[in-house]
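I have placed the structure first, in the form of structure tokens, so that the comments after it can refer back to it.
Counting starts at 1 for both ligands and their atoms, in listed order. Count residues from 1 along the sequence.
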Amino acid sequence: MKTEITKLLGIQYPIIQGGMAWVAECHLAAAVSNAGGLGLIGAANAPAEWVREQIREAKKLTDKPFGVNIMLMSPYADEVAKIVAEEQVKVVTTGAGNPEKYMSMWKEAGIKVIPVVASVALAKRMERCGADAVVAEGCEAGGHIGETTTMVLVPQVAEAVKIPVVAAGGIADGRGIAAAFMLGAKGVQMGTHFVVADECIVHDNYKERILKASDIDTRVTGRTTGHPVRALRNETTRKYLELEKAGASFEELEKLTLGGLRKAVVDGDVKTGSVMAGQSAGMVRERMSCRQLIEKLVRETDGLMKGCGCYE
Ligand code: TUI
């Protein structure tokens with residue numbers, strides 16, 4: 001399954017694991033990379049030294065390329081940006097912002113840079129400032145999202161830039177991967193399905209919520225604050241949406257979700273915590289290892305794509 005993405009990153013399959021906050025730590029990242037995909041450590045809002053330790057641990061667990069996702073709204077983003085260069089991380093992806101100011105530092109360090117974008121405008125800007133590829137993430141994805149669906153974002157981004165495009169948002173099986181290739185992508189990024197992987201350290205309650213989710217079980221909170229976040233519906237999303245409808249202030253809304261992701265991931269409080277997941281949760285039915293998942297995805301995709309010319 002060779003594409004511009006596998007060649008760029010030196011990996012076997014063009015499947016990237018999303019850099020999910022609190023979820024994507026070194027064990028998950030290493031398991032995905034060992035299975036032939038690209039594992040990511042999610043720096044999220046974590047202190048920079050935690051990220052350095054995670055990078056060093058991942059290097060012990062795999063000799064394959066892996067990456068770090070930098071969440072640009074983090075107060076530690078500047079420090080983490082330096083650490084990935086110091087530690088000679090092979091790949092950096094970014095989310096929730098524009099990473100332009102770090103680009104020359106990363107390129108000088110020989111890092112492959114793949115910003116996550118939710119619009120054609122940012123994709124073009126990233127190409128101009130030296131990005132090696134972009135992840136076009138549709139609003140089916142979990143966590144912080146943009147406005148546009150994967151189905152319409154990916155072809156428009158693919159048409160607008162020459163660098164390879166990775167599709168993300170709503171992809172959980174071989175049908176989604178085949179569809180992404182048809183839309184012009186050269187690879188995919190998946191988050192939600194990797195949350196239930198055996199190697200993923202999230203609380204079992206979180207995994208069970210995803211496994212039991214149906215097609216209509218996610219909600220988007222924070223549209224009024226300018227920070228829309230998709231998560232599985234529960235007591236807190238219901239309260240949040242009611243407050244938003246009633247015109248609650250930013251501070252009041254923030255109070256409701258502060259520390260919510262940690263609560264769900266670490267403590268297993270899926271009633272009041274933030275159970276971030278994409279719409280593809282409804283398609284995630286089985287637990288398996290990262291290797292089994294990636295082999296299943298490749299088998300399904302191959303069956304659908306034989307001889308299409310999208311990959312060698
Ligand atoms: O970043 C994500 N997903 C995330 S980050 C995150 S951490 C968090 N935790 C608690 C509350 C809120 C966030 C959870 N999920 N995905 C990548 C992504 N980036 N999606 C959308 C964007 C994006 C949006 C606007 C990127 C750039 C942008 O505009 C930048 C600009 O300056 O034009």
Next on the checklist: Before you tell me yes or no, could you show the steps for Thr3 and Phe181 under side-chain contact (heavy atoms from CB on, under 4.5 Å), namely the whole-Å CA-CA distance, both residues' side-chain angles and the distance that decides it to 0.1 Å?
Outcome noted: CA-CA 10 Å; Thr3 72; Phe181 282 130; 4.0 Å; yes

Checklist entry - Which distance, rounded to the nearest 0.5 Å, do you find between the OG1 of Thr272 and the CG of Leu256? => result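 Between Thr272 OG1 and Leu256 CG, I get 9.0 Å after rounding to 0.5 Å.
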
Item to check | Test item: Val89 and Val91 side chains (from C-beta on) under 4.5 Å apart, heavy atoms | outcome: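 Val89 vs Val91: side chains apart.
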
Checklist entry - Would you say Ala44 touches ligand 1, if touching means a heavy atom closer than 4.0 Å? => result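 Contact check Ala44 vs ligand 1: negative.
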
Checklist entry - Could a heavy atom of Met20 be found less than 4.0 Å from some atom of ligand 1? => result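 In this structure, Met20 fails to qualify as a contact of ligand 1 - no heavy atom is under 4.0 Å.
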
Next on the checklist: Can you check which of Glu137, Glu100, His144 brings a heavy atom nearest to atom 13 (C) of ligand 1?
Outcome noted: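 Answer by nearest heavy atom: His144.
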
Checklist entry - Given Leu122, Val23, Val117, which has its nearest heavy atom closest to atom 33 (O) of ligand 1? => result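 It is Leu122 that holds the nearest heavy atom.
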
Checklist entry - With sequence neighbours excluded, what pairs up with Arg219 under the salt bridge (Lys or Arg N to Asp or Glu O under 4.0 Å) test? => result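 Once residues adjacent in sequence are excluded, Arg219 has no partner under the salt bridge (Lys or Arg N to Asp or Glu O under 4.0 Å) criterion.
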
Checklist entry - Short N/O distance, under 3.5 Å, between Met71 and ligand 1? => result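 In fact, backbone or side chain, Met71 has no N or O that close.
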
Item to check | Asn45-ligand 1 polar pair, N/O distance under 3.5 Å | outcome: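 The answer is no, given that Asn45 and ligand 1 share no N or O pair closer than 3.5 Å.
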
Pair up each side-chain donor or acceptor in residues 27-52 with any protein partner under 3.5 Å, not counting sequence neighbours, and list the distances.
residue : atom : partner : partner atom : Å
His27   : ND1  : Glu25   : OE1          : 2.7
Ser33   : OG   : Ala29   : O            : 3.4
Ser33   : OG   : Gly39   : N            : 2.9
Ser33   : OG   : Pro65   : O            : 2.8
Asn34   : OD1  : Thr62   : OG1          : 2.6
Asn34   : ND2  : Ala30   : O            : 3.2
Asn34   : ND2  : Leu61   : O            : 3.1
Glu49   : OE1  : Arg52   : NE           : 3.2
Glu49   : OE2  : Arg52   : NE           : 3.4
Arg52   : NH1  : Glu86   : OE1          : 3.0
Arg52   : NH1  : Glu87   : OE2          : 2.8
Arg52   : NH2  : Glu86   : OE1          : 3.0

Checklist entry - Does atom 18 (C) of ligand 1 have a protein non-hydrogen atom under 4.0 Å from it? => result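 Yes; the ligand atom in question has protein heavy-atom contact below 4.0 Å.
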
